[in-house]
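To keep things clear, I will list the structure first and then write my remarks on it.
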Amino acid sequence: MEALNMSDLDVRVQGNGVDFRTRPVGELTMGWVKLDKGVDLSGATVGLPDDLCPCPHWGYVIKGTVRMKTKDGSQDFKAGEAFYWGPGHAPEALEDAEYVDFSPTDELEKVIAHLTRGG
C-alpha cells in the first residue's frame with residue numbers, strides 16, 4: 001500500500017497552464033493533473049490516432065470542470081465525479097481543474113512522449 005501526494009510524483013509536462021505528474025503504481029501509472037481555466041489540449045493531441053488521446057484513464061475530478069472532447073461530441077466532468085475516459089479524447093479545462101487518474105503505463109508513456117516532443 002502507498003499514499004501519494006502530488007509532490008511525490010515526477011513532473012512530466014509543466015508550463016502553459018499544465019502541470020502533469022506521474023508515478024508507476026503496480027501495472028498502472030497514477031497521474032495527477034492540474035489545468036488552468038482555458039487550457040485546451042486538442043492541439044497537443046494532433047498526430048495521435050484520430051488526433052485524440054488513445055489511452056484510457058480511470059479517475060476522480062478533485063476541482064473544477066473538465067470537458068472531454070471526442071469525435072462524437074463532448075462531455076463535462078465536474079469536481080466530485082469519478083470517471084472513465086476511453087480512448088479517443090482531448091481535455092479542455094472550463095475552470096481551473098485538478099484530477100487524479102490511473103492509466104495503463106505503456107499506453108500512457110506513448111502519449112507523454114508525443115506531448116513532450118511536440119508531436
Side-chain angles (χ1 to χ4, degrees):
M1 282 194 259
E2 190 171 5
L4 299 171
N5 293 303
M6 189 171 193
S7 61
D8 296 329
L9 283 68
D10 297 326
V11 175
R12 304 301 298 279
V13 178
Q14 194 168 53
N16 298 318
V18 178
D19 187 349
F20 178 29
R21 300 170 187 228
T22 67
R23 179 147 174 206
V25 180
E27 295 179 20
L28 300 174
T29 291
M30 177 185 173
W32 200 316
V33 181
K34 288 184 176 184
L35 301 173
D36 290 348
K37 179 181 179 179
V39 167
D40 184 345
L41 294 177
S42 297
T45 59
V46 170
L48 292 169
D50 293 326
D51 293 331
L52 297 166
C53 177
C55 182
H57 312 279
W58 295 261
Y60 182 81
V61 180
I62 299 167
K63 173 185 174 186
T65 302
V66 177
R67 173 166 289 157
M68 216 34 78
K69 299 176 178 183
T70 71
K71 64 181 181 175
D72 297 322
S74 62
Q75 183 175 349
D76 297 346
F77 297 85
K78 298 177 182 183
E81 294 181 335
F83 60 79
Y84 168 68
W85 297 332
H89 59 270
E92 176 185 7
L94 301 182
E95 304 171 327
D96 287 347
E98 184 173 357
Y99 60 88
V100 173
D101 65 20
F102 295 86
S103 310
T105 298
D106 290 344
E107 293 178 55
L108 182 63
E109 286 301 318
K110 291 174 187 173
V111 173
I112 292 171
H114 175 85
L115 295 175
T116 58
R117 73 173 176 261

Is there a side chain to side chain contact (heavy atoms under 4.5 Å, CB included) between Gln14 and Arg21? Walk through the geometry before answering. CA-CA 8 Å; Gln14 194 168 53; Arg21 300 170 187 228; 3.4 Å; yes
Given 3.5 Å as the limit, does a donor-acceptor pair link the side chain of His114 with the main chain of Ala44, or not? yes
Is it the case that one hydrophobic cluster holds both [X] and [Y], taking links as side-chain heavy atoms less than 4.5 Å apart, direct or via other members?
| X | Y | value |
| --- | --- | --- |
| Met30 | Val111 | no |
| Val100 | Met6 | yes |
| Val18 | Ile62 | no |
| Phe102 | Val33 | no |
| Phe83 | Val39 | yes |

Looking at every heavy atom in both [X] and [Y], which two are closest together, and how far apart are they?
| X | Y | value |
| --- | --- | --- |
| Asp8 | Ala3 | OD2-O, 4.1 Å |
| Leu52 | Lys69 | CD2-O, 4.1 Å |
| Gly47 | Asp51 | N-OD1, 2.8 Å |
| Ala90 | Thr45 | CB-OG1, 3.9 Å |
| Tyr99 | Val61 | CB-CA, 3.8 Å |
| Glu107 | Pro56 | OE1-CD, 3.2 Å |

I'd like to know if Arg12 and Asp10 make a salt bridge, using a cut-off of under 4.0 Å between side-chain N and carboxylate O. no
Kindly assign one of parallel, tilted or perpendicular to the pair Trp85 and His89, based on the angle between their ring planes and the thresholds 30° and 60°.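 Rings of Trp85 and His89: tilted, 30 to 60°.
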Hey, what's the ring geometry for Trp58 with Tyr84, parallel, tilted or perpendicular (30° and 60° as the breaks)? tilted
Side chains of Asn5 and Ser7, donor plus acceptor under 3.5 Å: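 Not at all, the side chains of Asn5 and Ser7 share no donor-acceptor pair under 3.5 Å.
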Those residues that, when tested against Glu27, pass side chain to side chain donor-acceptor pair (under 3.5 Å) (two or more places apart): none
Show me the donor-acceptor pairs, under 3.5 Å and distance only, between side chains in residues 71-80 and residues at least two apart or in other chains.
residue: Asp76; atom: OD1; partner: Arg67; partner atom: NE; Å: 2.7
residue: Asp76; atom: OD1; partner: Arg67; partner atom: NH2; Å: 3.4
residue: Asp76; atom: OD2; partner: Arg67; partner atom: NH2; Å: 3.0

The test is side chain to side chain contact (heavy atoms under 4.5 Å, CB included); show your working for Trp32 and Arg23 and say whether it passes. CA-CA 9 Å; Trp32 200 316; Arg23 179 147 174 206; over 6 Å; no
